[in-house]
Amino acid sequence: MNNNIPRWLNEGIASYEAKDKNPEWIIKTIKNGLENNNIPRFRDLDTGDDFETFFNRNGYQYSYTIVEFIVTEFGYDKLKEFIQSPTMYLEVFGLTENQLQEKWITYLGEKYL
């Protein structure tokens, strides 16, 4: 649909749809991030072709939960719309990028703590 999407969105969709990530690995990472107030911002996870940095920032676990959150809160149609225009947060979700991130972090706390 769009070859120019952020690394976190690309990897998050792949992981979420394949359900290929170990749930315990995701839960441990998210709990640790929440307890230490160390949740990355979306932009922190947009590492382009730098897979090593993405991995070191726990990008696979966090990107999985971002896509999970979008599907849960907004549905697949909004996810598809966002894939087509990945910088249009307000137009797609009715929220700024920061507002969507905060809503995601709240979701993480409710689901993973």
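All values below were derived from every heavy atom in this structure, side-chain atoms included, with hydrogens, water molecules and symmetry-related copies excluded. Along the sequence shown, residues carry numbers from 1.
Distance check, rounded to the nearest 0.5 Å: OH of Y112 to CD of E68 gives 3.5 Å. One distance of note links CD of E24 with CD1 of I27; it measures 6.0 Å at 0.5 Å rounding. Distance check: N22 CG to Y64 OH gives 11.0 Å after rounding to the nearest 0.5 Å. In this structure, F54 CZ and N10 CG are separated by 8.5 Å, a value rounded to the nearest 0.5 Å.
Residues I66 and L45 share a closest heavy-atom pair of CD1-CD1, 4.1 Å. Shown here for I5 and P86, the closest heavy-atom pair between the two residues is CG2-CG, 4.1 Å. Nearest heavy-atom pair across L100 and Y89 is CD2-CD2, 3.7 Å.
A cation-pi geometry, defined here as NZ or CZ lying under 6.0 Å from the six-membered ring centre and within 45° of its normal, does not hold between K78 and Y76.
L90 and F93 fall into different hydrophobic clusters, where Ile, Leu, Val, Met, Phe, Trp and Tyr side chains are chained together by heavy-atom contacts under 4.5 Å. Both F51 and I13 belong to a single network of hydrophobic side chains, linked directly or stepwise wherever heavy atoms of I, L, V, M, F, W or Y lie under 4.5 Å apart.
Comment: R41 does not engage D44 in a salt bridge, judged by the lack of any side-chain N to carboxylate O separation of less than 4.0 angstrom.
Looking at heavy atoms from C-beta onward, F74 lies out of side-chain contact with V92 at the 4.5 angstrom threshold. Under the 4.5 Å side-chain criterion, counting only non-hydrogen atoms from C-beta, E97 is not in contact with T87.
The backbone N or O of Y60 sits less than 3.5 Å from a side-chain atom of S63, completing a donor-acceptor pair. With hydrogens and angles disregarded, a donor-acceptor distance shorter than 3.5 Å links the side chain of D46 to the backbone of R7. Looking at K19, its side chain does come within 3.5 Å of a backbone N or O of Y16 through a donor-acceptor pair. Under the 3.5 Å distance criterion, the side-chain polar atoms of Q101 are matched with a main-chain donor or acceptor of F42. In this structure, N56 contributes its side chain and E52 its backbone to a donor-acceptor pair below 3.5 Å.
Of the options K103, E102, E110, a side-chain contact (heavy atoms from CB on, under 4.5 Å) to T106 is made by E110 and by none of the others. T65 pairs in a side-chain contact (heavy atoms from CB on, under 4.5 Å) with only one of the listed residues (I70, I30, I39, T72), which is I30.
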Worksheet item: Going through the distances and angles, do E35 and L113 end up as a side-chain contact (heavy atoms from CB on, under 4.5 Å)?
Response: CA-CA 9 Å; E35 290 168 354; L113 279 183; 4.2 Å; yes

Worksheet item: What's the verdict on side-chain contact (heavy atoms from CB on, under 4.5 Å) for N32 and N38, showing C-alpha distance, side-chain angles and the deciding distance?
Response: CA-CA 8 Å; N32 185 46; N38 191 23; over 6 Å; no

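Annotation: Y62 is not in aromatic contact with W8 [ring centroid separation under 6.0 Å not met].
Ring orientation note: the planes of F69 and Y107 are tilted relative to one another, at an angle of 30° to 60°.
Counting heavy atoms of neighbouring residues, nucleotides and ligands inside a 6.0 Å radius, atom CG of N36 exceeds 12 of them.
Counted by atom type alone, T53 and D50 present one or more donor-acceptor pairs between their side chains at under 3.5 Å.
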